[in-house]
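Only one structure is covered here, and it is reproduced in the block below.
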4 protein chains.
Amino acid sequence: MDQTSPHPDEPGPPAKEFAGGDSRTRILDAAEELFAGGGYAATPTSLIAKLAKVPKGLLFHYFPRKIDVLVALVDERTLVEEGREVEAVPGDAARTLSRLARRLPLRASPAMRRILFREADTHGSVRERLGRLNGELIGRSRFALELALPGARGDRARLEVAAATFAAVLLYQENLCQLTGHQIDADAVADLIAHSLA
Amino acid sequence: MDQTSPHPDEPGPPAKEFAGGDSRTRILDAAEELFAGGGYAATPTSLIAKLAKVPKGLLFHYFPRKIDVLVALVDERTLVEEGREVEAVPGDAARTLSRLARRLPLRASPAMRRILFREADTHGSVRERLGRLNGELIGRSRFALELALPGARGDRARLEVAAATFAAVLLYQENLCQLTGHQIDADAVADLIAHSLA
Amino acid sequence: MDQTSPHPDEPGPPAKEFAGGDSRTRILDAAEELFAGGGYAATPTSLIAKLAKVPKGLLFHYFPRKIDVLVALVDERTLVEEGREVEAVPGDAARTLSRLARRLPLRASPAMRRILFREADTHGSVRERLGRLNGELIGRSRFALELALPGARGDRARLEVAAATFAAVLLYQENLCQLTGHQIDADAVADLIAHSLA
Amino acid sequence: MDQTSPHPDEPGPPAKEFAGGDSRTRILDAAEELFAGGGYAATPTSLIAKLAKVPKGLLFHYFPRKIDVLVALVDERTLVEEGREVEAVPGDAARTLSRLARRLPLRASPAMRRILFREADTHGSVRERLGRLNGELIGRSRFALELALPGARGDRARLEVAAATFAAVLLYQENLCQLTGHQIDADAVADLIAHSLA
DNA sequence: TATGAATGAGCGTTCATTCAT
DNA sequence: AATGAATGAACGCTCATTCAT
């Protein structure tokens with residue numbers, strides 16, 4: 001959970017955070033934690049309820065089927081920002097890409113990020129969100145490079161490949177690094193790609 | 001799956017492939033298909049037994065616990081080739097990497113490849129194998145580039161980044177492409193990287 | 001169900017049929033439809049509330065227990081007419097019974113009739129109502145035959161049997177015909193019975 | 001359970017009645033009793049298992065879904081005898097029908113008979129069986145009357161009505177009598193019908 | 001009267017695993 | 001090695017009912 005997700009302990013007006021709404025939030029909080037930790041299939045609804053400190057039946061009041069919890073999580077707690085302006089540094093592809101890497105168009109907690117990759121295989125709505133993120137990453141990389149290197153120096157195809165490569169590296173960083181234990185330095189990759197386009 | 005996929009280069013007589021041994025193989029065949037399709041957690045042992053056409057009890061004779069099936073699958077049906085020679089094309093980093101992409105150091109059926117990525121989150125032995133693949137990809141890429149570009153032209157660090165990037169793209173190609181629907185052309189990436197090292 | 005079915009002969013102003021009272025009626029309407037369709041046990045109160053478009057809690061305001069809905073339905077929407085005069089055609093037992101068949105002493109919608117037979121096994125109040133209907137049918141048949149055939153031609157016992165037979169056929173027609181798909185023509189049976197008493 | 005159903009305590013060769021088969025029988029025994037008593041919908045599988053003294057899971061080993069228990073019961077423990085010869089008493093329709101009433105073409109325990117009527121509303125396979133019984137009763141009654149009264153005295157239509165009436169009375173006797181508390185004497189009805197055909 | 005969140009026992013079902021043969 | 005009945009804990013889910021507002 002990052003600064004954008006609805007947390008009851010967040011500062012600001014605590015309005016409407018009592019009564020019914022609270023339980024639903026606590027259920028999602030618990031599910032987020034557990035799905036990220038053990039995976040959707042291996043997490044029993046009873047455990048979600050226990051962690052959320054709500055009776056089991058209430059979970060199904062808000063989410064008629066278990067899968068609805070996951071869908072709600074993805075719907076409400078991940079946001080792929082689309083079409084935002086890219087901050088390009090004219091003439092400097094490397095720094096432009098670096099900035100991009102620092103501000104991924106994904107508003108989601110670390111837990112939600114894990115869920116996004118973990119459950120993409122199994123559940124369409126999650127896969128769709130991941131696909132959207134991928135597309136956005138490619139689009140932004142392409143756009144950023146176009147801005148940084150306005151002269152069509154290097155044909156478009158090469159620029160496209162560069163964008164796809166950078167997107168691949170960013171997703172790799174988000175996902176596989178944790179699994180494989182191999183780190184990758186996005187800044188260095190940005191530099192590499194910039195060189196190749198020079 | 002079939003006799004051609006797992007270890008085509010394995011020497012030795014194919015003995016013991018009749019009678020009893022057959023059941024074990026059929027169990028693994030079935031599990032491979034089902035784990036790839038629906039995931040380990042969502043596949044009941046009873047379904048494996050049914051698809052393998054063996055009685056349920058026999059499955060537990062060969063694999064006392066369900067997880068042992070997955071472990072056996074990874075142990076016996078994936079092989080990360082280590083330290084093999086890389087076919088480098090001296091002076092041509094692009095073609096060298098392309099060759100690498102064409103012959104991944106992973107001997108495994110498409111189904112086993114899916115399993116490798118799918119279950120890496122949950123099961124240590126799978127994760128270890130995936131990590132090994134990642135390491136091998138990086139190592140080979142590095143080695144290939146060293147061979148192709150013997151002059152330490154471009155510092156080592158840059159070469160390291162290039163290797164890691166290429167490895168990331170290859171894994172992305174193996175895994176995320178299916179999920180996100182975005183293809184990536186490894187040859188073009190090879191070309192890109194070669195340029196950046198020129 | 002609608003304003004014509006339950007008690008078309010009930011006198012009195014139709015007052016109180018707005019506002020709050022409406023909810024109660026809609027609940028009973030919904031329950032009638034659902035109990036007839038799927039049976040009492042298989043119909044959740046939540047579904048009744050949904051079909052009635054009332055909140056779940058309100059249902060329990062009017063009917064503290066689920067069974068009360070069924071009891072109210074039977075109480076308020078079935079009426080076994082007792083002791084009404086039978087229109088006999090003197091000397092013509094066949095036509096007399098035919099008339100009886102055409103005007104059963106049961107004021108209830110088709111749905112309520114199904115409920116009456118369906119739930120008789122399980123719930124005493126329903127069984128009692130069905131028993132009452134049966135008794136009334138026998139009584140009327142007996143009385144009709146006595147009127148039609150005033151000379152005690154044929155002993156009383158035979159007349160009693162004829163009445164019971166006709167009642168059985170009428171109930172069979174109401175209930176089993178739908179289940180078994182075999183129709184029976186009450187007029188023809190009336191004719192048959194009249195012959196046997198001649 | 002009547003003399004035809006498979007009971008372990010039945011005399012005769014006790015072969016194959018050990019091991020697994022016993023549990024299945026005990027489950028059906030328990031279900032028969034409970035379904036007859038409280039109805040299918042109101043009988044939890046856990047109660048069946050408890051009464052049968054088997055673990056709950058075993059019930060689902062033999063009957064994957066609850067409804068399969070009911071279907072098996074109807075399939076294996078009711079038999080509508082079809083096409084058997086009718087013992088007619090030539091010239092005596094009354095006694096012929098009486099004999100028919102005494103030997104219904106239904107082999108089933110009293111409990112199964114209740115189930116047949118109780119659950120006919122809800123479950124197709126039960127309804128089919130009941131419909132078959134109804135058809136057989138009509139067919140036999142017709143055939144018996146044809147045999148007893150070979151001269152086409154009384155047109156065929158009348159004979160058909162007589163058959164249907166008698167069948168209706170027999171089913172009424174089996175089912176509704178218990179619910180309504182009104183008895184009907186099949187012999188007397190047979191007599192009545194015979195008179196009407198004379 | 002009206003509302004829907006809350007509650008928890010219980011349901012049908014699944015499933016990994018054991019075991020006697 | 002082979003078999004499938006047996007076991008019981010746990011699962012996702014349902015549901016009548018309660019309750020605070």
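Letters A, B, ... are given to chains in the order of the sequence lines, protein chains preceding strands, and every chain is numbered from 1.
The distance from atom CG of B:Leu59 to atom P of F:dG4 is 14 Å, rounded to the nearest whole Å. Between A:Arg24 atom CZ and E:dG4 atom P the separation is 16 Å, expressed in whole Å. Computed from coordinates, the A:Leu47 CG to F:dA9 P distance equals 19 Å when rounded to whole Å. The nearest whole Å value for the distance from the NZ atom in B:Lys50 to the P atom in F:dG4 is 13 Å. Separating the CG atom of D:Asp22 from the P atom of E:dA20 is a distance of 18 Å, rounded to the nearest angstrom.
In this structure a side-chain-to-backbone donor-acceptor pair under 3.5 Å is missing from D:Tyr62 to D:Val69. Although no hydrogens or angles enter the test, the distance criterion places no donor-acceptor pair under 3.5 Å between the side chain of A:Arg129 and the main chain of A:Leu116. Panel note: side chain B:Lys66, backbone B:Thr43; a donor-acceptor pair is recorded below 3.5 Å.
Applying the side chain to side chain donor-acceptor pair (under 3.5 Å) definition to pairs two or more places apart or across chains, those involving residues 116-126 of chain A are A:Arg118-B:Thr122, A:Asp121-B:Arg114, A:Thr122-B:Arg118.
Ion pair D:Asp68/D:Arg65 flagged as a salt bridge, since at least one NZ, NE, NH1 or NH2 atom sits closer than 4.0 Å to an Asp/Glu carboxylate oxygen. The pair D:Lys53-D:Asp29 fails the salt-bridge criterion, with no side-chain N (NZ, NE, NH1 or NH2) lying under 4.0 Å from an Asp/Glu carboxylate O.
Under the side-chain contact (heavy atoms from CB on, under 4.5 Å) test applied with D:Glu33, the options D:Leu51, D:Leu28, D:Ile48 reduce to a single match, D:Leu51.
The side chain of D:Tyr62 places no N or O atom within less than 4.0 Å of a non-bridging phosphate oxygen (OP1 or OP2) of F:dG4.
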Given the rule that a pair is Watson-Crick or G-U wobble with both distances under 3.5 Å, how would you write DNA chain E in dot-bracket, using | for pairs to a different strand? .||||||||||||||||||||
Could you run through nucleotides 11-17 of chain E and give me one letter per nucleotide, 5' to 3': B if any protein heavy atom sits under 4.0 Å from the base, S if only the sugar-phosphate is that close, - if neither? SSBBSBB
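The two atoms that bring A:Thr78 and A:Val74 nearest to each other are OG1-O, 2.7 Å, heavy atoms only.
In terms of position along DNA chain F, the nucleotide closest to B:Lys53 lies nearer the 5' end than the nucleotide closest to the other residue of the pair D:Pro55 and B:Lys53.
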